[in-house]
There are 2 protein chains.
Amino acid sequence: MAKPDHAPLYVQIRSALVARLASGEWKPGAMLPSDRALAIEMGVSLGTMRKTVDSLAADGVLRRHQGKGTFVTEQTPELANYHFFRLVDQHGERVLPQAGSEVVVIIPAGPETQRRLCLGVGENVILIDRFRTIAGRPAILETVEVPAALMPGLERETPLPNALYPHYQARHGISVISTDDRLSAVAADAIAAMTLDVPEGAPLLLVERVAYDLTGRAVEWRRSRFLSGGLAYAVTLG
Amino acid sequence: MAKPDHAPLYVQIRSALVARLASGEWKPGAMLPSDRALAIEMGVSLGTMRKTVDSLAADGVLRRHQGKGTFVTEQTPELANYHFFRLVDQHGERVLPQAGSEVVVIIPAGPETQRRLCLGVGENVILIDRFRTIAGRPAILETVEVPAALMPGLERETPLPNALYPHYQARHGISVISTDDRLSAVAADAIAAMTLDVPEGAPLLLVERVAYDLTGRAVEWRRSRFLSGGLAYAVTLG
DNA sequence: TAGTGGTCTAGACCACTAC
DNA sequence: TAGTGGTCTAGACCACTAT
């Protein structure tokens, strides 16, 4: 063989399971066969299969429940907010935004978007421009771009829910499991100042994010600007 | 017994190892006994000991090297920068700051500091006020507070190195292994504007951080303000 | 060659959940 | 009671490092 099986068994088994998950063999929320059944089916020992499933559970792809079984992680608004939405107030309590207004259009991907989403020239993206409110006042300005080919018809599914990742999964079979975030501070431009009701030049927290699905594909490029003052993005490093 | 051993064996073993690490039985950089030796010494199976050591390695407390052994993680400037310093430039390349100037004093902990560091009233902290430069220009304004009781004499160890965590470990036996970061955007005040050479009101990225050692104790409360424009705090969620 | 961590196996028993 | 994941054991062999 050109490529010998240098990879450990549990890594190979993991790839096989990921492929079957990506193929839709097990839908979000569905129960997988038991560790024992999978081990027999794939011809490995129980310990090896457990190591594989454990790693997928650690990555958030699967969830284990003692006495019940192993399930494909289902993006719920609560889970997506807990995992991927990191905003807290001055007391450290999680903050949840409410819907504001949105504009959805299809446009050719710009150069920056092409690079972030690894798109070819001429590919279209669906662009969502929206703001969201916290405690009744506009607090988040957000520009979201997704490859049009990945989420056909998304532009007609308005109004979009507040949490987009559960929607991606439920309607388009795209499961976001990780993100790369870049945070910086920017001054509010005229439009942002008007929408968020702050002076022009006021400091805003800018979060630029690329989201990836379980196959490692970049599926979303997002820029969010948050009103500062009492709001912060919280993260634990370790 | 009042508290039965509800905890799994590998968790109990882990606590025992953490206690021995905290006691200084194995210094940073030192090699631990082999898994087999530890398993025999503590009366558990090899598999259980491996699970314990694996979890400590996953938390960054230990590092494993196939064929060599298991070692207590040593804070190096490189490692601390890689793990806990998240600044990147517009191309996504990691940025390393250089020393600027610093002022170190001992003061009674303020109410905010008391809360963040879980200090009693009247306890002193060592306060480090400094700025750091990137590519030759002032870019970071930082206020660091540590309990005076934890790091006796720190105030006389000036000039302090650029990376403080390796210094905490080498001189005071304090190993930072995780941090809670809160990021927001603020406007530059008069002093910040002058030091960083930006207009007053310019947006700065504020990072407020509490650092914890391997026993879970809060050991540092830090507020850093970063010049925006080309610089960003990068983090992966998953 | 000897010692280390890395992988894999085949079993056992426990804790929890459903029926 | 039967089935699930969670833990623990006792061994085997492999890959890597040092000497």
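Worth saying up front: this structure is predicted, and the values here are computed from it rather than measured. A, B, ... follow the sequence lines: proteins, then strands. Residue 1 opens every chain.
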| request: Start with the C-alpha distance between B:L205 and A:L205, add both sets of side-chain angles, then the distance that settles side-chain contact (heavy atoms from CB on, under 4.5 Å), and finish with yes or no. | output: CA-CA 7 Å; B:L205 180 65; A:L205 180 66; 3.6 Å; yes
| task | Might you work through the side-chain hydrogen bond (donor to acceptor under 3.5 Å, both in side chains) test for A:H83 and A:Q75, ending with a clear yes or no? | result | CA-CA 10 Å; A:H83 229 82; A:Q75 290 284 10; over 6 Å; no
I'd like to know if the side chain of [X] and the backbone of [Y] have a donor-acceptor N/O pair within less than 3.5 Å.
X	Y	answer
A:E123	A:G120	yes
B:Q114	B:A109	yes
B:T133	B:G136	no

| remark: Exactly one of A:E142, A:E102, A:Q98 clears side-chain hydrogen bond (donor to acceptor under 3.5 Å, both in side chains) with A:R132, and that residue is A:E142
In terms of side-chain heavy atoms, does [X] have a donor or acceptor partner in [Y] at a distance below 3.5 Å?
X	Y	result
B:S175	B:D213	no
B:E220	B:Y165	yes
A:R14	A:S55	yes
B:D181	A:Y233	no

| What parts of residues 51-76 of chain A reach DNA chain C, counting only heavy atoms under 4.0 Å away? | A:K51, A:Q66, A:G67, A:K68
| query | Can you name the residues that form a side chain to side chain donor-acceptor pair (under 3.5 Å) with B:R116, not counting sequence neighbours? | reply | B:E112
| field | Any residue of residues 30-41 of chain A with a heavy atom less than 4.0 Å from an atom of DNA chain D | value | A:S34, A:D35, A:R36
| task | Tell me, please, the opening and closing nucleotides of DNA chain C, 5' to 3', among those with an atom under 4.0 angstrom from a non-hydrogen atom of chain A. | result | C:dT7 to C:dA18
| Dot-bracket for DNA chain C, 5' to 3', with Watson-Crick and G-U pairs under 3.5 Å, [ ] for crossing pairs and | for other-strand pairs: what is it? | ||||||||||||||||||.
| Of all pairs that satisfy ring pair (Phe, Tyr, Trp, His ring centres under 6.0 Å), the ones with a partner from residues 31-69 of chain B, not counting sequence neighbours | B:H65-B:F71
| remark: Per nearest nucleotide of DNA chain C, the residue lying toward the 5' end, A:G43 or A:L46, is A:G43
